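In this chain, numbering begins with 1 at the start of the sequence shown. As the structure is a computational prediction, the values presented were derived from the model and not from experiment. Note that these values count all heavy atoms, side chains included, but never hydrogens, waters or copies made by symmetry.
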Amino acid sequence: MSVELEGPGVTISDVLAIARGGEEVHLSDAAVERMGVTRRIVKHMAEGEPAYGVSTGFGALASKAIPPDRRASLQRSMIRSHAAGMGPAVETEVVRAMMFLRARTLALGASGARPLIAETLARMLNAGVVPVVPEHGSLGASGDLAPLAHVALVLIGEGEVLTGAGVREGMTAMAEAGIEPVELVEKEGLALINGTDGILGMLCLAVHDASHLLTVADIVASLSVEGLLATDRAYAADLMALRPHSGQASSAANLRRVLGGSPIVASHRHGDDRVQDAYSIRCTPQVHGAARDTLEFVRGVAGRELAAAIDNPMVLPDGRVESCGNFHGAPVAMAADYLAIAMAEVGAISERRLDRLLDFNRSQGLPPFLAADPGVDSGLMIGQYTAAAMCAENRRLAAPAVVDSYPTSAMQEDHVSMGWSAARKLRRVIENLRRILAIEWVTAARAVDLRAPLAPADATSAAVGLLRTRVRGPGPDRPLAPELAAAEQLLAEEALVAAVEKVTGALE
């Protein structure tokens with residue numbers, strides 16, 4: 001499989017295929033033609049009046065004209081000076097997404113770069129040449145300057161590359177891949193770095209992960225419903241219709257399907273003196289659903305950004321070269337902050353459910369902490385501590401980054417988006433959520449096992465059965481960390497949803 005890079009029409013699935021799937025990418029003939037048109041415009045402009053990014057300096061130095069014989073040096077110097085990141089290298093999938101998305105913008109033809117630039121980025125991706133991009137350095141306007149500059153360093157035969165054997169010089173890696181480094185010409189240095197591709201790449205990956213984890217959350221919540229001898233009546237379709245949020249309806253539909261035919265739920269449908277369940281059970285579709293609605297908004301932002309030309313100045317087919325603010329990361333930054341808040345809340349309600357399963361005063365007859373020999377054994381007690389710690393971290397990470405602008409470039413860039421920070425912390429929130437849900441899964445599965453001889457629903461039985469392939473059931477205390485890690489790995493492999501959907505059909 002390969003992705004043809006036309007410019008328009010790129011999807012989140014394409015980003016996933018390149019970033020995680022290692023698929024190849026190739027530039028279309030239409031993209032090459034489109035880039036050629038605007039490249040000729042830039043070449044013509046270079047011979048006329050000073051134009052930003054073509055024959056001037058950058059940022060606060062935009063008023064300084066650069067003579068023709070120094071413009072190649074200008075582009076190279078720009079890449080070198082802007083490669084100012086610090087800290088550990090960001091993940092390979094993020095760098096690959098960023099490279100692909102930068103090539104996508106160039107392929108739109110509004111940047112005035114030669115097709116050679118996008119083609120070289122594609123060849124680097126196809127050969128597995130992954131530049132080292134330090135974590136810190138981007139403010140999200142003018143785009144992800146420092147991260148993209150570290151990518152561009154390798155493109156011009158400098159910088160460093162991540163390999164299975166460690167870090168290597170960019171020139172060596174390019175030579176081994178048979179890729180000729182590029183000598184940049186007018187506008188191309190700016191075109192390589194003046195974009196929000198790192199932020200957008202991370203947002204696309206997060207949209208996929210969040211979508212999957214919201215379905216996971218509905219499944220493990222269903223197990224908790226059974227473990228707590230709770231009711232499914234609060235999830236009825238006619239009740240959901242009284243508050244017509246689409247995310248709430250989808251979450252409730254998942255809960256009903258996963259719990260369908262549950263002997264545990266049926267066992268106490270009559271004669272139970274409880275009037276209603278706690279909020280963490282009864283309001284699950286309302287909280288999960290609000291997160292789903294947030295995700296749909298964010299998915300829309302990502303979709304529009306995937307159709308956008310992100311650069312400055314923009315080169316238009318009619319010959320104009322216009323400065324604009326399309327590089328500003330605010331739309332993506334706000335979306336990342338919003339999704340982080342939603343995912344933190346999904347983790348928070350999960351922790352409340354699993355805590356209820358462990359408290360013998362609230363768990364409807366289960367042993368304290370689901371221990372085999374309470375007192376001697378502590379059972380799953382400390383798993384809840386771990387979940388609470390990650391919920392607390394998510395609460396801090398949910399504080400928006402976008403409101404914390406810092407002016408740069410001698411006040412020329414006096415408002416920035418902080419979008420890179422928003423996207424980085426969103427990734428951390430999602431990692432924590434996956435782990436919190438893994439703890440609830442381990443806890444709720446043990447609770448369901450302890451309800452025997454009452455049987456769970458077919459779908460929840462599949463969820464328990466999958467877990468038991470790597471995590472043992474109730475018994476004396478043993479190290480818990482390896483079992484929690486095994487459950488998290490199953491979620492990372494997207495195995496739980498697949499196992500349950502074999503019973504229920506596709507969930508929402």
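- Salt bridge E488/R470: absent, no basic N to carboxylate O contact under 4.0 Å.
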Show your working on salt bridge (Lys or Arg N to Asp or Glu O under 4.0 Å) between R20 and E91 and close with a plain yes or no.
CA-CA 11 Å; R20 289 182 179 166; E91 304 83 1; over 6 Å; no
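- With hydrogens and angles disregarded, a donor-acceptor distance shorter than 3.5 Å links the side chain of R104 to the backbone of L306.
- We find that R76 and E158 are not joined by a salt bridge, their nearest charged nitrogen and carboxylate oxygen being 4.0 Å or further apart.
- For the pair T196 (side chain) and G329 (backbone), a donor-acceptor distance under 3.5 Å is absent.
- Residue R395 places its CZ atom among 12 or fewer non-hydrogen atoms of other residues, nucleotides or ligands, all under 6.0 Å distant.
- In this structure a side-chain-to-backbone donor-acceptor pair under 3.5 Å is present from N126 to A122.
- The line from OG of S421 to CD of E135 is 9.0 Å long, rounded to the nearest 0.5 Å.
- Taking the charged nitrogens against the carboxylate oxygens, R102 and D144 have no contact shorter than 4.0 Å, which rules out a salt bridge.
- A salt bridge does not link E93 to R96: none of the charged nitrogens lies less than 4.0 Å from a carboxylate oxygen.
- Ion pair E440/R352 not flagged as a salt bridge, since none of the NZ, NE, NH1 or NH2 atoms sits closer than 4.0 Å to an Asp/Glu carboxylate oxygen.
- Enclosure of atom CD in Q489 by more than 12 non-hydrogen atoms of other residues, nucleotides or ligands within 6.0 angstrom is indicated.
- Using a 4.0 Å cut-off between a side-chain N of Lys or Arg and a carboxylate O of Asp or Glu, E176 and R168 qualify as a salt bridge.
- Under the side-chain contact (heavy atoms from CB on, under 4.5 Å) rule, L27 has a single partner from R123, E119, E4, which is E119.
- Counted within 6.0 Å of CE on M334, heavy atoms from surrounding residues, nucleotides or ligands total 12 or fewer; the atom is thus considered open.
- Taking each heavy atom of E322 and N312 in turn, the nearest pair found is O-OD1, 4.1 Å.
- Between T215 and D218, the side chains place no donor N or O within less than 3.5 Å of an acceptor N or O (distance only, hydrogens not considered).
- A side-chain N or O of Q384 and one of E351 form a donor-acceptor pair less than 3.5 Å apart.
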